[in-house]
Amino acid sequence: MTKRSWWTESRASAVLLPITGLIAVIGLWWLATIVFAVPEFLVPSPGDVLVRFSQDPVMLLQNAGVSLLETIQGFLLSIVVGVPIALLIVRSAILERLVYPLLLMVNAIPKVAIAPLLVVWMGFGQGPKVLMVLLMCFFPIVISTAQGMKSTPVELVELLRSLNASRTQEFFKLRIWHAMPQIFTGLKVAISLAVIGSVIGEFVGATQGLGYLIQTSGATADTALAFAAITLLSIMSIILFYGLVLLEHLLLPWAQESR
Amino acid sequence: MTKRSWWTESRASAVLLPITGLIAVIGLWWLATIVFAVPEFLVPSPGDVLVRFSQDPVMLLQNAGVSLLETIQGFLLSIVVGVPIALLIVRSAILERLVYPLLLMVNAIPKVAIAPLLVVWMGFGQGPKVLMVLLMCFFPIVISTAQGMKSTPVELVELLRSLNASRTQEFFKLRIWHAMPQIFTGLKVAISLAVIGSVIGEFVGATQGLGYLIQTSGATADTALAFAAITLLSIMSIILFYGLVLLEHLLLPWAQESR
Amino acid sequence: NSGDDKGSDSGLQKVSYLTSFGQFGREAYAYVALEKGYFKDAGFDVQITPGNGTVEVMKQVAGGQADYGIGDFTAITITLGKQKLPVTTVGMIHQKSLAAIVSLEGMGIKEPKDLVGKNIGDQPGSTNQVTFPVYAQRVKIDDKLVNFVPAPPPALPQLLSTGKVQGIGQFVVGVPLVEKADKEGRKAVVLPYAAVLPELYGNAILTRADVAKDHPDQVKKFTGALLKGLDDAMKDPAAAAEILKKYVPTTDVGVATKELELMKPNTVPTNSGDPLGAVDLDRVQKILDILGETKAITPGGLKPADVVTITLAPKG
Amino acid sequence: MIRLDGVGQVFDGREGSITALEKIDLHVRAGEFVTLIGRSGCGKSTLLRLIAGLLSPTSGTVKVAGKPVTGPSPDVAFMFQRPALLAWRSVLSNVLLPVELDRTIRDRTAYKNRAHELLELVGLQGFERRLPHELSGGMQQRVSLCRSLIRDPQVMLMDEPFSALDALTRTELSEELQRIKMELSTTIVFVTHSIDEAVVLADRAVVLSPRPGRLRDVVEIDIPRPRSLGQNSHLADVARISARLHALLSDKTPPVAERLVDEVWPR
Amino acid sequence: MIRLDGVGQVFDGREGSITALEKIDLHVRAGEFVTLIGRSGCGKSTLLRLIAGLLSPTSGTVKVAGKPVTGPSPDVAFMFQRPALLAWRSVLSNVLLPVELDRTIRDRTAYKNRAHELLELVGLQGFERRLPHELSGGMQQRVSLCRSLIRDPQVMLMDEPFSALDALTRTELSEELQRIKMELSTTIVFVTHSIDEAVVLADRAVVLSPRPGRLRDVVEIDIPRPRSLGQNSHLADVARISARLHALLSDKTPPVAERLVDEVWPR
Ligand SMILES: Nc1ncnc2c1ncn2[C@@H]1O[C@H](COP(=O)(O)OP(=O)(O)OP(=O)(O)O)[C@@H](O)[C@H]1O
Ligand SMILES: Nc1ncnc2c1ncn2[C@@H]1O[C@H](COP(=O)(O)OP(=O)(O)OP(=O)(O)O)[C@@H](O)[C@H]1O
Ligand SMILES: [Mg+2]
Ligand SMILES: [Mg+2]
């Protein structure tokens, strides 16, 4: 039967369940710190983190805002850069074979290792942070867009060809649409990486942002602050992820999921 | 016409073109260092890197071997962990909503920030490195497996249901297979992250591996060594990636690509 | 933000400055100079950015992203021995090295001899690790019998207090942090290198070689202002920590004050009469010799002038 | 065997809901061959999906073998309107899928032989190891047909099984289907667009009216078996009934379901 | 209009190659209505794909309007065997796809009206804004049919356009198709499994032999138009030609292609 219970279908559950999950996770974390008597300087309990957060809520949120902005800028940029690259890759097998090694090489570089380099090149502004986000998250976007477009059924491609569609039309009227669900999968992977990218970017030469906080607090043994920052980061990442899920729901009503 | 030139189809091109691409990249790098007169301490030229490599080829390759092993172990582990999680997620919407926040939270943590924590917990062995690889790369695997399985056509799911297949059979006879192309997309994203994961793992408490080399050389301004290590890393990543491409080709002859 | 980029709105010259690492109490003096207007009086509009360790600071200064920076003199020397980065030092912050091996009570380390057979966590390539062979020689132990475990600086206190390592490479000013990190409240055991290696300097002021050559007056004015901040910070550490807190809200004033107090003896010039920040060429030569001896640099490969622009160093 | 009482089905969509079926009362006896005929979009596939338990009705009840349908059952085989082959499986292993999924089956070789037999019957010998995308549309449909025949279910629901087949193959397969029905007394509900097919195969032909699908009429077909799609010895009978069905299908007046049930319902 | 000379098509697969077509010589005149008939899997779709330029023959040449086919052309419309609708587009915008893709078209509102007209013709009024998955199989096929009719191409290639349609809809649509053909003198190649359809619609019926597909015979049908699928005033003619086609299809002897060409080829 394809019927579902009201609970699975309801909007309330779509919001309440993730929150329950989150609370469960935090509960587990709390329990673990108590049961294993984890010292606070290693892993502070959620309580410690909350206390630390309440000491400087404005400062923490401001820094989170900085990271969020970089994340979103870099993420959008990587869509703008990644999708056209994917188009090229799908368009020509030769180009694909020439371009992939380059992408792989760039992608294989541990970003932490080149963060300082970016600063030396681009200074201490937002530039290198946004670039870092881009570097972190463009690859999943490129690859899932490309694979999605390549998996367009031959039948539909032939339809467009028989209608004498130009290659451009083939991409924008067919392949991109067909690939949408897979593109969203790529975006969902990318968004988490984007968040991390902003943090890694802020490890070097930043004076604000959650990455800066983590860096500073790590070195001042203010573990609670580091965890408060990481928690904010996780929340940011979760919100962005569910934002994408929502967007997918709104934009792709035709993409049926089967369970 | 679905005809292709012999060149696009030939096996030679599948090997030669990527190599050409690679050489082009290296050429560009070389050119850039000359044209912009990039000082060696910032970005050494491929020549410098090659010279540095030839000074210690065995040492470098040995360290690369260590990283490779960790990468592969962690990667396989994350398949073993990730696919069952994806199964659970697809199986139940409620579980999905409960589990995703946890995954997202774990995934959102900047791994560099918790590398020391892993060492504190697990000591200086290979353990924390493999775990780091796992943490880095399980998410793309989970999400692409889950999305791939969810996108199984309703028609085929109904077929299996009408044949009275158990849920387990539905997953192992249908969904997993249908998701295969998308799983491979996830694996391709994951493998690059896995390589980086091993390096980040080696930043802390390691005495061998490419990450250790990068860390050491970074601190002694032996930029050429760092770049030699990064180059090896890239090569490793490229080889692993194309290994997956080959595997996909062998395992999924039915997965047609359209261009 | 290059050296001769004049004419901002306020008529001040925009200058960027890098701390040696992060924004700890030990870096407070720059903020003191900023807060008290010493930089402004000298004609500078200074932007302070946290650095990421000596080598990165050197690269960023050499690459033109920063005009001045702070780095450990030994690390600077070793790096310059390997790579001719276009940087030079124009003054000292620490007249004695802050390098030390730090342990906690009850871990079996009371004196240098106890180090044998122990695990010491440290950042690869740090001053502590690189000069350890010399230190070992002076305290008459075999450096090969001490096992260094590489780990990044932020992880070190955690590794130590969980007993994964029995000692860590740390600056003496880091001791309050180590003690704060240990929730069992154990006291730190400190083995400062300066006790047996009085020749070594600590942090030095870095600038680009061409700036030092073309704009010596500017450099002198800048170091003057910075050292004035250092002087104030040493005279009243608590006030300096408060100033730091203003700029870096995450600062723990207590720890910062303690750091500055611990740092104080190391900033005092060894030759009486020398001003704050002075450089002694003979000592520089001695350091070069020591590093040559341990093969940290090629023996005879560097001359003092390659490392220091002595003409710009503060003089009495 | 199959009993529908006041069954209705409404689909909700973003552009409003569609009433696919309304007040369907139908009883199919055990061993009966019922063809379901009606204009495209009148709800034939939906009706089949309801019986198969792939859909639960928005109103009314569906019973198979006396039990209310709550989900698919092993005794009911369903052949879909589209071939629904698994792209990664060869023709043979697509046909054997139902056997593979049934864990109560011990002796699989017997089924393997049966699969080869069936494939030969539908003219696909030599294609056993091919993948679905190497087949033509009609060949795919034939594979799907073999798959639904591989086990001998009590009830077979077939959604336009012969639509992509040529006249000859169609004739051959309709004979096989009748043979199976007679040997095993399988209950068959067979959707078709072809009046010929409806007449030649069925014990009764059920005519649905277009949207919303209601029962327009049920026509008893009492021509002796075996009958053949091609040459037919009962041409007159076939023609008469065909004309009747044709008229029923063309009729534009809405059916009076209640009255029809009273008249035609076999109680 | 369409000319095939010695056309052959071999598919290579992992399990060996399949010869789908062999030595096909065929000439379709401008404005002619040719039906293509043959057993399932004999190569009808392949032949159509060759003419459409979606496939290039492994041997021989294909010419349309005197020019060798190297790829799809705007003058040739193709209706696929499967509906091939874009899942993310409404029915209306699926129908309008060909217009949307043609950048030479200025006046789109005229086409919009035409689309509504066509949808009404096939009985899909009220479904304009639905998504394909909300339609039944036959409804999807009708949308696909409307799509192929929206522009008035010189050549129309139709692969079993009526296979999922009921008899009535089929009759109505066959009339529309003949009307289009006569008004615009469109050249139509029409694949079908139904001998009736082949006879009633065609000027000539081309019979292919099963694997490898060869031209078995070409039958001229000289019944006056308009003809109707349902009631027919030329019953005797239709019956005669149907019988002929039936015999040709059942014939198990391999065709002698060369001889046939000599006999039947209109030069
Ligand atoms: N892509 C392909 N790869 C391999 N073989 C193919 C392919 N397409 C068609 N064939 C083979 O070519 C032959 C003719 O196929 P085609 O689709 O033209 O048949 P058809 O006459 O249209 O049949 P139907 O009436 O069942 O649609 C078949 O034997 C089929 O197996
Ligand atoms: N999943 C669905 N969502 C919305 N409407 C649906 C869905 N499935 C079917 N319908 C609607 O229900 C009606 C009946 O559809 P059904 O598939 O049962 O028709 P059918 O008689 O099988 O037609 P055909 O002969 O064309 O296959 C149609 O009007 C169709 O639009
Ligand atoms: Mg149907
Ligand atoms: Mg076909």
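Chain letters run A, B, ... following the sequence lines, proteins first and then strands; every chain starts at 1. Everything numeric in this text was worked out from a predicted model, so none of it was measured.
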Residue among E:P210, E:C42, E:G16, E:A20 with most heavy-atom pairs under 4.5 Å to chain D: E:G16

Residue selection (most heavy-atom pairs with chain D, distance under 4.5 Å) from E:G43, E:A164, E:G41: E:A164

To the nearest 0.5 Å, what is the distance between [atom1] on [X] and [atom2] on [Y]?
X: E:Q140; Y: D:R82; atom1: CD; atom2: CZ; answer: 6.0 Å
X: D:S163; Y: E:Q141; atom1: OG; atom2: CD; answer: 8.0 Å
X: E:S136; Y: D:R39; atom1: OG; atom2: CZ; answer: 12.0 Å

All ring-ring contact (aromatic ring centres under 6.0 Å, His included) counterparts of D:F190, not counting sequence neighbours: D:F33, D:F162

ring-ring contact (aromatic ring centres under 6.0 Å, His included) partners for D:F127, two or more places apart: none

Top of D:R129, D:E160, D:K44, D:E134 for chain E proximity - count of heavy-atom pairs under 4.5 angstrom: D:R129

D:R179 CZ: over 12 foreign heavy atoms closer than 6.0 Å: yes

Residues of residues 116-124 of chain E within contact distance of chain D, non-hydrogen under 4.5 Å: E:G123

Portion of E:T169 that has a non-hydrogen atom of chain D nearer than 4.5 angstrom: both

Flag, side chain of D:D166 to backbone of E:G38, donor-acceptor distance under 3.5 Å: no

E:R142 side chain to D:S40 backbone, donor-acceptor under 3.5 Å: yes

Distance-minimising heavy-atom pair for D:L168 and E:L249: CD1-O, 3.2 Å

Set of residues satisfying side-chain contact (heavy atoms from CB on, under 4.5 Å) with respect to E:S93, sequence neighbours excluded: E:R89, E:S90

